[in-house]
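Data first, discussion second: the structure below is written as structure tokens.
We count residues from 1, following the sequence as given.
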Amino acid sequence: SANIIIRVVTSWYPWYGFVAVEMSLTDIIMPDVLHDEPQSYPVVAGEQECTMDEKQAAGIQYHDVTAAAFRIRRHGGIKETPLEKSPQLSEMLGMNIYFKKEFVLPTGSFKERGARNTMEQLSAEQRKKGVIAASAGNHALALAYHGQILGVPVVVVTPETAPIMKVSRCQKYGATVILHGKDLEEAKQFATEKGKREDMQYVNGYDDDPILAGQGTVALEAIEQMDRLGVEVDAFVIPVGGAGLLAGMATVIKHTSPQIEVIAAESEQCPSFSAALKAGEPVFTRALPSLADGLAVPQVGSNAFATARHRVDQVAVVSEDCIALAILRLVEIEKSVVEGAGAAGLAACLSGKLDHLKGKNVVVTLCGGNIDTTVLGRCLERGLAADGRLARFTVLVEDRPGGLASLTQLLQECSVSVKDIFHERTWLKASIYDVEIECVVETRDREHGLELRQKLEQTYGDRFIHWGEKKPSCSRPLTQE
């Protein structure tokens, strides 16, 4: 009977399906003999060896992830997500970019893995009582979706700023949604207290062992898929917010191939993982509004941090401009709609902070695709501005017939498309016969915009008041000839 089970599992995952079953059998028969777990954690260059307390705090190990991989696939659970190379972005960035596309899962993010793994391990009594969680959206969606499938009542508490699309979808999956607090920390406190009062199990979206183990299956799949392609991985770039995905994936990566670089990508609007590394422990970090709302976790999980801290080789803190540009690149080149948090890994590649990976094979985790339509529009416009393809300028023209016509004629000659145009006559210190014209225009690229600027300076001289294109904070050229 056991042999039959092993053959079925290995047909799903040839190189680790056996380990998952072996783990479950040896837990009963020989728990300390066959677990092939390293005696010490891989040590990142420049870091100190983990203490025993830190090892104990890091609750998951490699076999926990392989067991989770088996568990989440049974009963028609989580299906393998695609891993594909991006030829255009690889050429543009000078590195071989492979995208692990977690956004294709039914609820649009990797969070389904941890949620399914958690719910599969609930007792019969707890399944009746249900679970409660605090989430900015994706964790809530995953719990609601799989709770509906498995018949588990779900209550989710989201910050008042949570994306509308995610909230409405949770409700459609049958979850009870409560909007509370200005950030995730306040929502978490409310959910924890409510769970205790009503005897519901609280599911932490980035710090519980079953969650971390479930998220780690992303790396198991990716390494297996790259092996099938015959490509050796040099680095993984993983978005980090609460650090659950990072901890789970890093556990697998550093166990199977310690030489692979693990790079965390986080938003500059809430660099809580960087702050934790500096402090040596999770600390509160103020979360500012961000395009990557899913990464805006004020304090990383203590368990996730203890698991990840010595397995991460580099942290790349990325700007809002780079995140917006990454979203734009994915829409235009990959034809993929990815949320800000999901695009953070590509944003790190675009930022110029990972140029040491040029010529190497890099797996970038696109971990989520749930973005409000209105927010997507703003992201694309900000991305166009960061790319130099939207420009804004102000000039003074004579407030007489033909004044505006001469400006539009110049724009036509430069092959520039006018997006918006505004007139200002009242708050001027110039002649009452002048009008201030502010234009937002679309250009082909940054070089085309600079050509327009030079033409405006030559034509209007000191009446050319301002060139308002926002300088992007990415440190490398963001366009390709």
Side-chain angles (χ1 to χ4, degrees), residues 92 164 269 288-291 319-333 335 337 340 343 347 350-351 371-481:
M92 185 181 293
I164 298 171
Q269 299 296 89
L288 300 174
S290 173
L291 298 176
S319 69
E320 293 289 280
D321 281 346
C322 288
I323 292 172
L325 184 62
I327 294 171
L328 177 65
R329 290 281 187 262
L330 289 166
V331 169
E332 287 189 322
I333 297 174
K335 314 307 176 192
V337 177
L350 291 169
S351 71
I371 184 170
D372 282 340
T373 307
T374 53
V375 174
L376 176 61
R378 296 171 197 166
C379 289
L380 294 179
E381 290 206 338
R382 183 171 291 192
L384 288 168
D387 205 19
R389 290 155 61 187
L390 271 186
R392 182 179 61 198
F393 66 86
T394 306
V395 296
L396 273 178
V397 303
E398 291 186 349
D399 195 9
R400 302 178 187 276
L404 179 60
S406 62
L407 174 61
T408 55
Q409 180 64 31
L410 182 151
L411 297 177
Q412 180 186 7
E413 292 171 358
C414 292
S415 301
V416 169
S417 176
V418 177
K419 185 174 177 63
D420 290 305
I421 189 165
F422 308 93
H423 294 68
E424 180 56 65
R425 292 182 175 87
T426 307
W427 288 278
L428 291 182
K429 295 182 179 179
S431 168
I432 61 171
Y433 298 109
D434 286 336
V435 59
E436 187 177 282
I437 305 292
E438 180 181 296
C439 288
V440 177
V441 297
E442 295 182 52
T443 60
R444 290 189 300 272
D445 50 34
R446 190 177 303 283
E447 289 70 26
H448 187 204
L450 293 177
E451 290 174 12
L452 171 63
R453 179 175 182 172
Q454 292 173 358
K455 186 70 172 177
L456 288 167
E457 289 173 342
Q458 293 171 4
T459 304
Y460 288 94
D462 59 3
R463 295 170 71 84
F464 174 65
I465 299 173
H466 178 64
W467 181 262
E469 174 196 358
K470 184 179 178 182
K471 184 180 180 181
S473 54
C474 300
S475 62
R476 68 182 298 281
L478 298 175
T479 57
Q480 179 190 26
E481 287 289 351

I need the minimum non-hydrogen distance between Cys379 and Ile371, along with the two atoms involved. SG-CD1, 4.1 Å
Using 0.5 Å steps for rounding, measure from the CG atom of Asp321 to the OG atom of Ser351. 12.0 Å
If a pair satisfies salt bridge (charged side-chain N to carboxylate O under 4.0 Å, His left out) and one of its residues is in residues 448-461, list it, with sequence neighbours excluded. Arg453-Glu457
Taking all non-hydrogen atoms of both residues into account, name the closest pair between Arg446 and Ala386 and its distance. NH2-O, 2.6 Å
Taking every non-hydrogen atom, the tightest pair across Ala347 and Cys322: CB-O, 3.5 Å
Report yes or no: does Asp445 contribute a side-chain atom to a donor-acceptor pair with the main-chain N or O of Glu447 at less than 3.5 Å? yes
May I ask you to say whether Lys419 pairs ionically with Glu381, meaning some side-chain N is under 4.0 Å from a carboxylate O? yes
If you compare all heavy atoms of His448 against all heavy atoms of Ser415, which two are closest, and at what distance to 0.1 Å? CE1-O, 3.4 Å
With side-chain contact (heavy atoms from CB on, under 4.5 Å) as the criterion, how do Glu442 and Val416 come out once you've worked through the C-alpha distance, each side chain's angles and the decisive distance to 0.1 Å? CA-CA 6 Å; Glu442 295 182 52; Val416 169; over 6 Å; no
Mind checking side chain to side chain contact (heavy atoms under 4.5 Å, CB included) for Asp399 and listing every partner two or more places apart, or none if nothing turns up? Arg425, Val435
Does the side chain of Ile421 come within less than 4.5 Å of Ile437's, by heavy atoms? yes
Can you tell me how far apart SG (Cys414) and CZ (Arg444) are? Round to the nearest 0.5 Å. 9.5 Å
Taking side chain as C-beta onward, heavy atoms only, is Glu436 less than 4.5 Å from Thr394? yes
Value for CD (Glu424) from CD (Glu438), rounded to nearest 0.5 Å, stands at 9.5 Å
Check Gly388 against Thr443 and note the closest heavy-atom contact, atom names and distance. O-OG1, 2.9 Å
So, do Asp420 and Val441 sit near enough that their side-chain heavy atoms are less than 4.5 Å apart? no
Any side-chain heavy-atom pair of Glu320 and Gln269 under 4.5 Å: yes
Under a 3.5 Å distance rule, please check whether Thr459 uses its side chain to pair with a backbone N or O of Leu456 as donor and acceptor. no
Straight-line distance of Thr373 OG1 to Arg378 CZ, nearest 0.5 Å: 11.0 Å
State, to 0.1 Å, how close Gly449 and Trp467 come at their nearest heavy-atom pair, and which atoms those are. O-CH2, 3.3 Å
Given side chains that start at C-beta, do those of Val337 and Leu330 come closer than 4.5 Å, heavy atoms only? no
Go through the steps for Leu291 and Arg382 under the test side-chain contact (heavy atoms from CB on, under 4.5 Å), then give the verdict. CA-CA 10 Å; Leu291 298 176; Arg382 183 171 291 192; 4.1 Å; yes
Sub-4.5 Å side-chain heavy-atom contact between Leu410 and Leu452: yes
Could you give me the CA-CA distance, side-chain angles and deciding distance for Leu411 and Val418, then say whether side-chain contact (heavy atoms from CB on, under 4.5 Å) is met? CA-CA 8 Å; Leu411 297 177; Val418 177; 3.5 Å; yes
Hey, are the side chains of Leu376 and Leu380 touching, using non-hydrogen atoms and a 4.5 Å cut-off? yes
Indicate yes or no: does Arg329 engage Asp387 in a salt bridge with an N to O separation below 4.0 Å. yes
Close side-chain approach of Asp434 and Glu398, heavy atoms under 4.5 Å: yes
How long is the straight-line distance from CZ of Arg392 back to NE2 of His466, given to the nearest 0.5 Å? 5.5 Å
Determine the interplanar angle of the Phe464 and Phe393 rings, folded into 0 to 90°, and report it as parallel if under 30°, tilted if 30 to 60°, perpendicular if over 60°. tilted
